[in-house]
Amino acid sequence: MKKIVIVGGGTAGLAVLKNLHRRYKKAEYTIIEPSETHYYQPLWTLVGGGVFPFQKSQRNFADFVPDDVRWEKDYVAQFFPEENVLELKSGKRMEYDVLVVAAGIQLDWHKIEGLEETLGKNGVTSNYSAKHVSYTWQAVQECQSGRALFTQPNTPIKCAGAPQKIMYMAEEDFRKRGLRDQVEVHFASAGAAIFGVQKYRDALEKIVEKRDIQTTFQSNLVKIDGEKKIATFENIASGEKLELEFAMIHVVPQMSAPDFIKQSPLANAEGWVDVDQYTLQHKCYANVFSLGDASGTPNSKTGAAIRRQGPVLTNHVIAYLENQPLQEKYNGYASCPLITGRGKCILAEFDYDGQPDETFFFDQAKERLSMYLLKKYFIPFMYWNAMMKGYF
Ligand SMILES: Cc1cc2nc3c(=O)[nH]c(=O)nc-3n(C[C@H](O)[C@H](O)[C@H](O)COP(=O)(O)OP(=O)(O)OC[C@H]3O[C@@H](n4cnc5c(N)ncnc54)[C@H](O)[C@@H]3O)c2cc1C
């Protein structure tokens with residue numbers, strides 16, 4: 001029996017485990033996951049937007065682990081890929097024949113001065129925090145006048161559309177409550193534009209203009225004073241500081257590869273797992289594979305990307321174990337359901353080259369109720385009932 005070890009039991013790790021476990025019987029499986037709770041994070045936009053309670057996004061991790069799979073409830077601390085060994089935080093060492101690294105992305109909350117002290121109060125919130133996502137809708141409700149700020153940092157993040165989806169939901173709510181003249185809605189981003197892919201950027205820019213949303217680009221949030229309600233941004237080109245007062249602020253922190261990966265021989269120069277962007281196999285260690293947010297593939301980091309990476313990776317793990325060539329290619333597909341209000345959504349789908357790679361025959365850059373219902377009901381249903389059972 002071969003030993004297959006999977007690091008991380010989030011979207012990527014669990015989907016890969018369940019797929020391989022069903023298809024490849026000549027192996028013993030171990031999944032290393034420190035958390036007892038599995039979260040369906042894409043729902044947090046709708047939790048923060050007051051549509052679903054937080055509980056809907058979580059399930060017991062144990063319920064997903066097949067009886068004959070070993071679950072190590074611990075953190076991986078170090079990799080020794082030359083020896084095919086890894087070490088857990090407890091000090092325990094484990095050997096493997098194949099390693100799949102799916103440990104997600106690290107949220108660097110500490111990189112914004114003052115944020116950790118004030119997150120969850122003073123109108124400071126984030127849909128990226130399991131602990132504070134439920135506070136987002138409260139902060140929107142409590143905002144009666146002044147500036148509602150929504151930020152996006154200068155690093156890769158998971159779901160690059162999420163920083164603005166919650167803004168459209170909040171803006172709609174201010175309007176419905178008759179407060180739109182009193183509340184300025186402001187998107188302050190370190191990026192150069194509202195969205196990276198031209199087709200959807202054009203559509204979003206029109207929405208931003210029509211809904212009178214203020215924008216500041218190339219500005220990275222570096223400091224928050226929660227008591228005084230002042231956010232400080234730094235221009236990424238000039239370093240010039242800009243202070244903006246806020247009544248509420250939705251913060252998206254800087255993100256990076258998990259530290260234990262950054263510091264390991266598996267990392268590329270930026271700290272992500274150094275895999276080939278098409279085969280998902282490590283560039284130096286042939287028995288190491290990676291997908292999801294932790295991998296060094298230059299796609300937009302989303303659960304949707306994992307839906308396309310998963311079949312490539314699992315087929316390649318099996319091919320590797322059977323001494324067959326790795327013949328499939330992941331094309332960088334990612335998807336982002338850009339909710340623009342309750343009942344409205346643009347379904348962005350694109351590849352490595354930023355070219356649309358769409359599922360439907362109609363113009364997906366148009367806001368549609370059908371795409372909102374897809375995001376709200378169909379995709380979560382598929383997540384729990386197909387992907388988490390190993391069907392991509
Ligand atoms: C607010 C929000 C909205 C989003 N919206 C969308 C959307 O609309 N569509 C979409 O496709 N995606 C969306 N995403 C992104 C999506 O959730 C992620 O891209 C996806 O969860 C990545 O899966 P992953 O398995 O790589 O990482 P995760 O699901 O984060 O899992 C990583 C796992 O690794 C574990 N881990 C961490 N460190 C260690 C360690 N040292 N040892 C062992 N295990 C470890 C963690 O406990 C975790 O369980 C959204 C995310 C957020 C936060």
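Order of appearance sets the numbers: ligands from 1, and atoms from 1 within every ligand. Scope of the values below: all heavy atoms of this structure, side chains included, with no hydrogens, waters or symmetry mates. Residue numbers start at 1 and run along the sequence shown.
- By the 3.5 Å distance cut-off applied to N or O atoms, Ala12 is counted among the residues near ligand 1.
- Donor-acceptor pairing under 3.5 Å is lacking for the side chains of Thr302 and Lys158.
- More than 12 heavy atoms of other residues, nucleotides or ligands sit less than 6.0 Å from atom CD of Glu328.
- Residue contact check: Gly8 has heavy atoms under 4.0 Å from atoms 34 (O), 35 (C), 44 (N) of ligand 1.
- Among protein heavy atoms, the minimum distance from atom 21 (O) of ligand 1 is reached at Thr11 OG1, 3.2 Å.
- Ligand 1 places these atoms under 4.0 Å from at least one heavy atom of Gly292: 26 (O).
- The shortest contact between atom 12 (N) of ligand 1 and any protein heavy atom is with Gly303 N, 3.1 Å.
- Using a 4.0 Å heavy-atom cutoff, Arg307 is absent from the residues neighbouring ligand 1.
- Comparing heavy-atom distances from atom 49 (O) of ligand 1 across Gln106, Glu33, His38 singles out Glu33 as nearest.
- No side-chain donor from either of Gln277 and Thr297 sits under 3.5 Å from a side-chain acceptor of the other.
- No hydrogens or angles considered: a donor-acceptor pair under 3.5 Å links the side chains of Ser90 and Asp74.
- Given atom 17 (O) of ligand 1, the protein heavy atom at minimum distance is Gln41 CB, 3.4 Å.
- Remark: minimum distance from atom 31 (O) of ligand 1 to any protein heavy atom is reached at Gly10 CA, 3.2 Å.
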Verdict with supporting geometry, Gln254 and Asp108, side-chain hydrogen bond (donor to acceptor under 3.5 Å, both in side chains): CA-CA 5 Å; Gln254 294 178 43; Asp108 294 327; over 6 Å; no

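- No hydrogens or angles considered: a donor-acceptor pair under 3.5 Å links the side chains of Gln198 and Asp202.
- In terms of protein heavy-atom proximity, atom 27 (O) of ligand 1 is nearest to Gly104 CA, 3.4 Å.
- Between the side chains of Ser290 and Ser295, no donor-acceptor pair of N or O atoms lies under 3.5 Å.
- Side-chain atoms of Gln164 and Tyr168 include a donor-acceptor pair closer than 3.5 Å.
- Using a 3.5 Å distance cut-off with no hydrogens or angles, the side chains of Asn84 and Asp97 do not pair a donor with an acceptor.
- At the shortest separation from atom 9 (N) of ligand 1 among protein heavy atoms lies Pro337 CD, 3.9 Å.
- Side chains of Thr37 and Arg59: a donor-acceptor N/O pair is absent below 3.5 angstrom, by distance only.
- The part of Ile306 lying near ligand 1 is the side chain, judged by heavy-atom distances below 4.0 Å.
- A donor-acceptor contact shorter than 3.5 Å is absent between the side chain of Asn60 and the backbone of Asp63.
- In summary, the atoms of ligand 1 found under 4.0 Å from a heavy atom of Lys375, numbered by their order in the structure, are 7 (C), 8 (O).
- A donor-acceptor contact shorter than 3.5 Å is absent between the side chain of Lys3 and the backbone of Thr30.
- When each atom of ligand 1 is checked for a heavy atom of Ile32 under 4.0 Å away, the hits are 43 (C), 44 (N).
- Heavy-atom contacts of Lys165 reach the following atoms of ligand 1: 5 (N), 7 (C), 8 (O) (cutoff under 4.0 Å).
- Each of the atoms 40 (C), 41 (N), 42 (N), 43 (C) of ligand 1 lies under 4.0 Å from some heavy atom of Val76.
- Atom 1 (C) of ligand 1 has its closest protein heavy atom at Asn127 O, 3.6 Å.
- Interface of Tyr128 with ligand 1, defined as ligand atoms under 4.0 Å from a residue heavy atom, comprises 53 (C).
- Taking every heavy atom of Ala103 and a limit of under 4.0 angstrom, the matching atoms of ligand 1 come to 32 (C), 34 (O), 36 (N), 37 (C).
- Between the side chains of Glu205 and Tyr200, no donor-acceptor pair of N or O atoms lies under 3.5 Å.
- Residue Asp293 has at least one N or O atom closer than 3.5 Å to an N or O atom of ligand 1.
- Distances between N or O atoms of Ala304 and those of ligand 1 include at least one value under 3.5 Å.
- Looking only at heavy atoms of the protein, atom 39 (C) of ligand 1 is closest to Phe260 CE2, 4.0 Å.
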